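Note sheet for the following structure.
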Number of protein chains: 2
Amino acid sequence: MAYLDRGSTTGYGRHADSEGDASWAELAKTGKSKSHRYQEHEAVYYEGDPADKVYEVVEGTVMLFKLLPDGRRQVVEVLRTGGLFGLTSKAHQDCNAETLTASVIRSIEKREIEGSTVMQQHIAKCMLTQLETLHDHAVLLGRKSAFERVASFLMRFVPERGIVGCIGPKPSGKDESLIVLAMTRQEIADYLGLTIETVSRVISDLKRRGLITIEKQDRIRITNVCGICHLTGTH
Amino acid sequence: MAYLDRGSTTGYGRHADSEGDASWAELAKTGKSKSHRYQEHEAVYYEGDPADKVYEVVEGTVMLFKLLPDGRRQVVEVLRTGGLFGLTSKAHQDCNAETLTASVIRSIEKREIEGSTVMQQHIAKCMLTQLETLHDHAVLLGRKSAFERVASFLMRFVPERGIVGCIGPKPSGKDESLIVLAMTRQEIADYLGLTIETVSRVISDLKRRGLITIEKQDRIRITNVCGICHLTGTH
DNA sequence: CGAATAGTTGATGTATCTCAAGCAGGGTGG
DNA sequence: CCACCCTGCTTGAGATACATCAACTATTCG
């Protein structure tokens, strides 16, 4: 695997990297990493905690967020299987980390990593993807309307669509996709820099326009993927 | 230098890392990196260009920005001496890179880096800082008011202040700082997710309140650093 | 000096927030 | 099993911060 891979086509928002898993598995065998099971909405660490470990989402979903003194919250990253977090150049965590769903998280002492080139390269690869995701998110937060934010958010869950070179719906029939948000309205709002009411209104409106149907609060069926994609502002 | 340094106290927005320079200088000696001088507001590369090099700001300031199809622009990073860019996991650049001031930029082919552990560690260190900066910026874009955004922006230029453990003004006399923005109002607006008019109004208001004085458009004297700091929303 | 460019200021519009009430689903206990 | 409650979500009415549109002013540069 090349250090700065020039051939990958990792999609928007995907942090997983199957190639890299080998190195973690290897470390796990040597007993140098610890896995731990977390419940839904359980804190992994808090901003300011000593930052001596690196964490990997083995299973589940984790969010990183920051709080302002008056209670305003911004979710800065949402990590899925394969995502790394706890990465910081400082002695203390810069974010809070909390599970969104029940999760399994593996942690490794940072000093263990110093010896492993493979690990370092895997971490570098993950950071590159995170950097790109954060760039896209800055555009979303700085320049997109509420509709565009929610549409972009929904498209994150549709694999192989909404990315460069998207070929549109399969010629065969329906352009649907069932997605599981695994986030409350409040978490979505804090991720998209909106209020819970605005998120709710936009979703209701998309429903009214026949672009989506709500199956169960956090399970949404996009009945017109292309329609949602065109609302993202990116295309 | 530890891979994931647990003792650094690099300040907000500072990407420079004097320790790492040695490795670049080393590569420069071997003739594997190229330096190039750029004018003010000259493009280094465009979004979609092949991403086969890594760049370092040797001197000057560089911004990375993204464009939406309708022309909306978001500046996603502002890099100063020591900052690295062109880092991406994909085959193509995800951003546009343009100088803000006349600059000297060094570039290295990505494949040259694959052999150098020192280089890789330096890059990793820089990415960690960028990740933290982008987290802070997400909070700014997602949750801060126009006043808080501009105040936070101004505080970026005041070294050793507005960071955790800030001890306030020196007991001796004035709490001043002269800063050089090196950005037009439009660039500031596109960085802060605002319009040029809003940026202008906020700056005028800060002037009216006696917190700053404008010396020359992009040279601002903060006459009350603590006052500005308390407007950032972070403290 | 005058044109071109960048920044400021004012008047008005509107997208999103705020505040407040109502609704739905899921679990609990009588 | 159903009434009740709790929590999360939705919807409405009104307020507001910021954007937009437009005119004006300051600065830069030939």
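Residue numbers begin at 1 in each chain, while the letters A, B, ... track the order of the sequences. What you see is a predicted model; the values in this text were computed from it and never measured.
- Side-chain contact between A/Glu148 and A/Leu231: absent, with no pair of heavy atoms (C-beta onward) separated by less than 4.5 Å.
- Nucleotide C/dT8 holds its C1' atom 13 Å from the CG atom of B/Asp205, rounded to whole Å.
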Set out, line by line, the N/O atom pairs under 3.5 Å between protein and nucleotides 18-22 of chain D.
{"unit_1": "D/dC18", "atom_1": "OP1", "unit_2": "B/Ala146", "atom_2": "N", "d": "2.8"}
{"unit_1": "D/dA19", "atom_1": "OP2", "unit_2": "B/Thr195", "atom_2": "N", "d": "3.4"}
{"unit_1": "D/dA19", "atom_1": "OP2", "unit_2": "B/Thr195", "atom_2": "OG1", "d": "3.1"}
{"unit_1": "D/dA19", "atom_1": "OP2", "unit_2": "B/Thr198", "atom_2": "OG1", "d": "2.3"}
{"unit_1": "D/dT20", "atom_1": "O4", "unit_2": "B/Arg201", "atom_2": "NH2", "d": "2.7"}
{"unit_1": "D/dC21", "atom_1": "N4", "unit_2": "B/Glu197", "atom_2": "OE2", "d": "3.1"}

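- For the pair A/Leu178/A/Glu215, a side-chain contact is recorded, criterion being any heavy-atom separation below 4.5 Å from C-beta on.
- Note on B/Glu42 versus B/Arg37: no salt bridge recorded, every NZ/NE/NH1/NH2 to OD/OE distance being 4.0 Å or above.
- As judged by a 4.0 angstrom heavy-atom cut-off over every strand, A/Ser200 is placed among the base-contacting residues.
- In summary, B/Arg209 and B/Asp205 engage in a salt bridge, as defined by a charged side-chain N under 4.0 Å from a carboxylate O.
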Please tabulate the protein-to-nucleotide N/O contacts below 3.5 Å involving nucleotides 22-28 of chain C, giving atom names and distances.
none

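- The existence of a salt bridge linking A/Arg143 and B/Asp190 is confirmed by a sub-4.0 Å separation between a basic side-chain nitrogen and an acidic carboxylate oxygen.
- Taking a cutoff of 4.0 Å between a charged side-chain nitrogen and a carboxylate oxygen, A/Lys90 and A/Asp94 do not qualify as a salt bridge.
- As rounded to whole Å, 13 Å separates atom P of C/dT9 from atom CD1 of B/Ile196.
- Aromatic ring orientation, A/Phe153 versus A/Tyr191: perpendicular (interplanar angle above 60°, classes split at 30° and 60°).
- A/Glu132 and B/Lys66 are not joined by a salt bridge, as no carboxylate oxygen comes within less than 4.0 angstrom of a charged side-chain nitrogen.
- In this structure, the CZ atom of A/Arg72 is 14 Å from the C1' atom of C/dT18, given to the nearest Å.
- For the pair A/Glu77/B/His135, a side-chain contact is recorded, criterion being any heavy-atom separation below 4.5 Å from C-beta on.
- Distance, A/His41 NE2 to D/dG8 C1': 11 Å, rounded to whole Å.
- A rotation axis mapping the C1' atoms of four pairs onto the next four is fitted at both ends of the helix from C/dC1-D/dG30 to C/dG30-D/dC1 over five pairs, and the angle between these axes is 30° to 10 degrees.
- Rounded to an integer number of Å, the gap from A/Asp190 CG to C/dC17 C1' is 14 Å.
- One can place CD of A/Glu187 at 14 Å from C1' of D/dT7, the figure rounded to the nearest angstrom.
- Atom P of nucleotide C/dG7 and atom CD1 of B/Ile220 are separated by 11 Å, given to the nearest angstrom.
- Only one option out of B/Thr99, B/Leu100, B/Leu181 pairs with B/Thr61 in a side chain to side chain contact (heavy atoms under 4.5 Å, CB included); it is B/Leu100.
- Spacing between atom CD of B/Glu215 and atom P of C/dG7 amounts to 17 Å, rounded to whole angstrom units.
- When the options B/Thr213, B/Ile214, B/Ile220, B/Val202 are evaluated for a side chain to side chain contact (heavy atoms under 4.5 Å, CB included) with B/Lys207, the one that passes is B/Ile214.
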